[in-house]
Amino acid sequence: MSYASNDEVRGVLIQAGSERVLLPNATVAEVMSRVAVEPIPGAPAWMAGQIAWHGWNVPLLAFARFSGLGEETLTANNKVVVLKALGGNPDLPYFALLTASFPQLIAVPRDGLLADASEESLPQGVHMRVLLGEQSALLPDLDAVEAAITQSLAA
């Protein structure tokens, strides 16, 4: 068993529409497949529904739809990534993201995480675009995502 050194950032790459999204490994609680999703009446289109997880009703977000990067549709083969919410809201300790393929665990050298400043503006819910070798990925603004979920559930 090898642990990432302080020179590495551990992350989980998921597919969101046409983009890859890099999630901090420390926020990932569980990855699941074939999860029953219940619709949330009156929720925005980017809220795919909610899942039952360890006694919690966890809101499920379609990140590509939320950030305008394309459409994600609910299929039987979707994977769900449950994330620890960091906002301190006792009613929302977790939320989940929908992804079409199994997430990929990666270790990125801390100095290998380079910001790609070529874009004028970033999509909603995106903190920055980073370059991972030849490919790029989006770092989500999890605080903004969490705030949007909290706001839409309160509505």
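- Between Ile14 and Val31, the closest side-chain pair of non-hydrogen atoms is not below 4.5 Å.
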* Just do the side-chain contact (heavy atoms from CB on, under 4.5 Å) check on Val126 and Phe63 with the steps written out, would you? => CA-CA 10 Å; Val126 174; Phe63 189 79; 4.1 Å; yes

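- Residues Leu97 and Leu23 form a side-chain contact, since some pair of their non-hydrogen atoms from C-beta on lies under 4.5 Å apart.
- A pairwise comparison of heavy atoms in Ser67 and Pro123 identifies O-CB, 3.2 Å as the closest pair.
- Between Leu98 and Arg65 there is no side-chain heavy-atom pair separated by less than 4.5 Å.
- With values rounded to the nearest 0.5 angstrom, His127 atom NE2 is found 9.5 Å from Asp143 atom CG.
- Smallest separation of non-hydrogen atoms from Gly49 and Val37: CA-CG1, 3.9 Å.
- If you take CD on Gln104 and OG1 on Thr99, they are separated by 11.0 Å, rounding to the nearest 0.5 Å.
- Neither Tyr94 nor Leu86 shares a network with the other; the hydrophobic side chains, linked directly or stepwise wherever heavy atoms of I, L, V, M, F, W or Y lie under 4.5 Å apart, form separate groups for each.
- Here Leu132 contributes atom CG and Leu13 contributes atom CG; the two are 6.0 Å apart, rounded to the nearest 0.5 Å.
- Put simply, the side chain of Val82 does not reach to within 4.5 Å of the side chain of His54, judged on heavy atoms.
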* **Residues Leu142, Phe95; criterion side-chain contact (heavy atoms from CB on, under 4.5 Å); working and verdict** => CA-CA 10 Å; Leu142 294 176; Phe95 62 95; 4.1 Å; yes

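- The minimum heavy-atom distance between Ala107 and Arg10, with the atom names listed, is CB-NE, 4.0 Å.
- Rounding to the nearest 0.5 angstrom, the gap separating the CD1 atom in Ile149 from the CG atom in Leu92 is 6.0 Å.
- Considering all non-hydrogen atoms of both residues, Met47 and Pro59 come closest at SD-CB, 3.8 Å.
- Arg20 CZ to Gln15 CD: the interatomic distance, rounded to the nearest 0.5 Å, is 7.5 Å.
- Using a 4.5 Å cut-off on side-chain heavy atoms (C-beta onward), Val9 and Pro24 make no contact.
- From Ile106, atom CD1 reaches atom CG of Leu22 across 5.0 Å, with rounding to the nearest 0.5 Å.
- Residues Ala96 and Val80 share a closest heavy-atom pair of CB-CG1, 3.6 Å.
- The shortest side-chain heavy-atom distance between Leu83 and Glu146 does not fall under the 4.5 Å cut-off.
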* Given Leu138 and Arg129, is the side-chain contact (heavy atoms from CB on, under 4.5 Å) satisfied, shown in steps? -> CA-CA 4 Å; Leu138 301 174; Arg129 181 182 293 280; 3.6 Å; yes

